[in-house]
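For reference, the structure discussed in these notes is given below.
Keep in mind the model is a prediction, meaning the values are calculated, not measured. Each chain gets a letter, A, B and so on, in the order its sequence line appears, and its residues count up from 1.
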Amino acid sequence: MALVDSFLHKCKALKHIKQLQAQLIVSSAFQSYLCRTKLLEFCSISPSGDLGYAVEVFRHVDNHHTNEWNAIVRGFAQSDEPRQAVEWYVTMLHQARRPDALTCSFALKACARMLGLFEGREIHGQYIRFGFEADVLLQTTVIDVYAKCGVLEQAQQLFDEMTRRDVPTWNALITGLAQGNRPRDALSLFNRMRDSGVVPNEISVIGALSACSQLGAASEGKFVHAYISEVRLDTNTRVCNALIDMYAKCGTIDLACDVFNKMPDRSLVSWNAIIMGLAMHGRGFHAVQLFNQMDSSSGVRPDAVTYLAALCACNHAGLVEEGLRIFKEMTKYGVTQNIKHYGCVVDLLGRAGRLEEAHMMIKSMPLVPDAVLWQTLLGACNTYGNIDLAELASEKLREMGSASDGDYVMMSNVYAAYGRWVDVGRVREAMKVNEVRKMPGCSFIEVDGIVHNFVNGDQTHSNSKEIYAKLDEISIRIKAFGYVPGTRFVLHDIGEEDKENVLLYHSEKLAMAFGLVTVKEGSLIQIYKNLRICGDCHIVFKLVSKIYEREIVVRDRARFHRFKEGLCSCGDYW
DNA sequence: ATAGGGTTAG
């Protein structure tokens with residue numbers, strides 16, 4: 001049988017497999033299910049195999065052994081059609097064949113990949129009836145299914161009920177929580193894992209780092225990093241990739257560069273992570289420099305993600321010509337342009353004020369434009385005050401049935417900038433009729449491990465009095481520096497004074513004022529905002545960084561802004 | 001009849 005194995009691994013094409021099969025049939029070795037299973041497994045799993053052929057061979061045999069079924073179910077589970085794996089599993093049941101733990105395992109793996117919650121639950125119930133209830137591997141897979149399908153409470157419950165758990169079990173839930181928008185819980189589970197004496201591995205720390213990235217929790221990220229060094233995972237490529245991403249998303253791009261420079265082996269993902277990180281921090285030149293050198297210096301070929309990162313870098317740094325060049329170059333290197341690449345270029349042109357070209361790009365592209373593209377164009381029209389094109393984009397969005405709050409807000413902003421209050425009212429009316437509401441902006445700041453959340457005009461914070469007093473003081477001091485409130489950023493048709501107040505009490509300004517009174521001098525003030533930072537706040541933050549000699553970092557929906565000595569790292573281009 | 005299955009960053 002070992003001989004069959006070694007022959008199989010020499011097969012590089014279906015033709016070779018068929019030749020081998022012919023010999024096995026002649027020598028009557030193929031009558032043994034062991035031999036057939038080997039061939040089926042190779043066909044259905046190996047990249048040089050052929051799942052369709054495996055199915056064909058399977059159908060020519062009767063009285064299948066469980067392992068032959070398993071080979072097919074497993075093959076489909078990792079194919080592009082995981083649903084087929086579940087269908088084969090069901091067929092097996094119908095033929096009164098009893099699946100073993102492996103069949104269940106492969107079928108569940110398929111459920112995880114196709115996000116089949118219903119099917120996952122069925123198979124979960126069945127394997128308990130088959131007597132595999134105590135199988136830790138099966139339980140781990142089910143936790144993964146539940147987590148990926150978004151029923152984290154069930155994943156958690158199953159985890160809690162287990163009497164024995166191993167490292168992958170912990171990992172399945174840590175990763176599930178991290179990917180399921182519960183990074184806090186992921187981190188505390190990671191800590192609980194360590195406290196209970198289970199030694200985290202590569203995958204556990206990657207999950208923990210991913211949670212830190214989402215939270216922008218630099219201090220906890222550093223803590224995890226220290227642990228990583230302690231257990232000598234700090235040369236592991238995937239761990240380093242997660243570290244790069246974490247440091248970049250926590251606002252400490254220099255630390256991300258350190259990790260990148262020191263790591264012994266860089267993969268494609270490493271390059272993509274650092275280029276994207278630099279892009280988010282507005283370091284377009286550095287990002288493009290790395291992009292240009294990756295192929296020549298390390299032989300790593302850029303893929304679609306790399307190109308997206310490079311275009312994004314050009315975008316945030318205003319490198320219009322470089323971005324267009326990179327975009328055109330893609331097809332030459334055999335990387336297909338997808339809708340996100342187009343989105344980036346439309347943004348690039350739009351931000352540079354080249355609205356007609358941006359519009360042409362959308363009209364001439366070979367893909368069906370999505371709402372994001374028209375929203376991008378609408379955003380550019382808002383910046384440059386182009387009413388006609390804005391109306392066109394807005395109309396397209398309406399036709400597409402897109403009713404995102406941002407569309408209405410931007411259209412209304414375009415009108416408001418020209419004082420066309422009747423049109424503003426019309427947009428607001430449409431918003432009401434279509435039941436669209438502006439997603440409330442909120443900002444938070446973490447001080448001494450406690451998260452303080454603010455919404456616009458928030459007066460619920462216990463230090464509210466102090467915060468508002470500080471904002472009034474800031475308002476006076478920045479006006480002395482020539483600040484004029486950007487009331488054009490306010491869409492409501494209200495009096496100038498009210499507008500000023502609405503502006504002054506934006507959530508990010510509240511968080512900033514709180515930071516000024518609580519974060520000790522010399523320390524960085526870090527703020528997170530769920531939407532993009534407002535234009536007026538951007539101006540104010542620059543002034544505050546100068547007048548109060550404080551460094552402020554804002555991570556918004558799209559990127560980082562680092563305010564220092566009156567300037568922002570984005571160079572006012574965002 | 002032998003084992004084989006689970007968790008992974010851009």
Side-chain angles (χ1 to χ4, degrees), chain A residues 1-2 5 32-34 37-38 40-42 45 65-68 70-71 73-74 77-78 85 99-113 127 132 135-148 155 158-159 162 165-179 186 189-190 193 198 200-214 228 233 236-249 256 259-260 263 266-280 294 300 302-310 312:
Chain A
M1 220 41 71
D5 244 351
S32 149
Y33 91 86
L34 276 171
T37 303
K38 283 257 176 274
L40 283 173
E41 276 182 355
F42 186 81
I45 297 156
H65 189 276
T66 310
N67 291 355
E68 292 174 276
N70 289 354
V73 177
R74 185 183 186 184
Q78 62 176 56
D100 65 6
L102 271 87
T103 328
C104 299
S105 175
F106 300 137
L108 282 168
K109 172 88 187 165
C111 295
R113 292 198 53 216
Y127 84 63
F132 311 134
D135 189 319
V136 179
L137 280 84
L138 280 177
Q139 289 173 309
T140 302
T141 317
V142 179
I143 289 176
D144 185 46
V145 172
Y146 287 158
K148 288 213 165 72
L158 193 60
F159 179 89
M162 285 171 74
R165 307 178 187 111
D166 60 11
V167 175
T169 316
W170 287 87
N171 292 349
L173 191 55
I174 291 173
T175 305
L177 290 166
Q179 292 175 350
L189 190 64
F190 174 74
M193 178 185 190
V198 186
N201 68 4
E202 171 191 349
I203 294 163
S204 336
V205 299
I206 288 171
L209 288 173
S210 151
C212 295
S213 297
Q214 290 176 57
I228 287 167
L233 281 168
N236 177 303
T237 302
R238 291 174 206 262
V239 171
C240 287
N241 296 344
L243 277 170
I244 293 170
D245 181 57
M246 183 275 291
Y247 278 128
K249 292 199 175 132
V259 173
F260 180 80
M263 64 194 288
R266 298 185 190 105
S267 67
L268 175 61
V269 176
S270 324
W271 289 90
N272 291 353
I274 194 70
I275 293 172
M276 196 44 123
L278 289 165
M280 284 196 305
M294 68 181 280
V300 179
D303 70 352
V305 179
T306 324
Y307 275 102
L308 188 63
C312 186

Spacing of [X] atom [atom1] relative to [N] atom [atom2], expressed in whole Å:
X	N	atom1	atom2	value
A:I244	B:dA9	CD1	P	14 Å
A:I228	B:dT8	CD1	P	17 Å
A:R266	B:dA9	CZ	C1'	16 Å
A:Q78	B:dG4	CD	C1'	13 Å
A:I203	B:dG6	CD1	P	11 Å
A:K148	B:dT8	NZ	C1'	9 Å
A:M193	B:dT8	CE	P	13 Å
A:M246	B:dT8	CE	P	19 Å

query: What is the nucleic acid contact for A:S210, judged by heavy atoms within less than 4.0 Å: base, sugar-phosphate only, or nothing?
result: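 Here A:S210 touches no strand at all.
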
- prompt: Base, sugar-phosphate alone, or nothing: which one does A:V142 contact when heavy atoms must sit under 4.0 Å apart?
  reply: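 Nothing, no nucleic acid heavy atom in range.
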
message: Can you pull out the residues from residues 273-280 of chain A that lie within a 4.0 Å heavy-atom distance of DNA chain B?
response: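 Of all residues in residues 273-280 of chain A, none places a heavy atom under 4.0 Å from DNA chain B.
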
field: Residues touching DNA chain B, which here means a heavy atom under 4.0 Å, drawn from residues 166-174 of chain A
entry: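 DNA chain B contact set from residues 166-174 of chain A: A:D166, A:P168, A:T169, A:N171.
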
Are OP1 or OP2 of [N] and a side-chain N or O of [X] less than 4.0 angstrom apart?
X	N	answer
A:Q179	B:dT7	no
A:R74	B:dG5	yes
A:K249	B:dA9	no

Selected nucleotide, minimal atom distance to [X] side chain, candidates [options]:
X	options	answer
A:V269	B:dA9, B:dG4, B:dT7	B:dA9
A:K109	B:dT8, B:dG6, B:dG5	B:dG6
A:N241	B:dA9, B:dT8, B:dG5	B:dA9
A:A101	B:dG4, B:dG5, B:dA9	B:dG5

query: How many angstroms lie between atom OH of A:Y127 and atom OG1 of A:T141, to the nearest 0.5 angstrom?
result: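 Rounded to the nearest 0.5 Å, the OH-OG1 separation comes out at 7.5 Å.
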
- request: Please round to the nearest 0.5 Å and tell me the distance separating atom CG of A:L243 and atom CD1 of A:I228.
  value: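 One finds 4.5 Å between CG of A:L243 and CD1 of A:I228.
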
query: Minimum heavy-atom separation for A:N241 to A:A273, with atom names?
result: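 Scanning both residues, the minimum pair turns out to be O-CB, 4.3 Å.
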
message: Could you tell me if the side chain of A:T140 sits less than 4.5 Å from the side chain of A:L137, heavy atoms only?
response: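 In short, these two side chains do not touch, never coming nearer than 4.5 Å.
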
- request: Would you mind telling me which of A:N171, A:N236, A:T237, A:V167 makes a side-chain contact (heavy atoms from CB on, under 4.5 Å) with A:E202?
  value: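 Running side-chain contact (heavy atoms from CB on, under 4.5 Å) over A:N171, A:N236, A:T237, A:V167 with A:E202 returns exactly one hit, A:N236.
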
message: Is the distance between the ring centroids of A:F190 and A:W170 under 6.0 Å?
response: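 Not under 6.0 Å, so no.
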
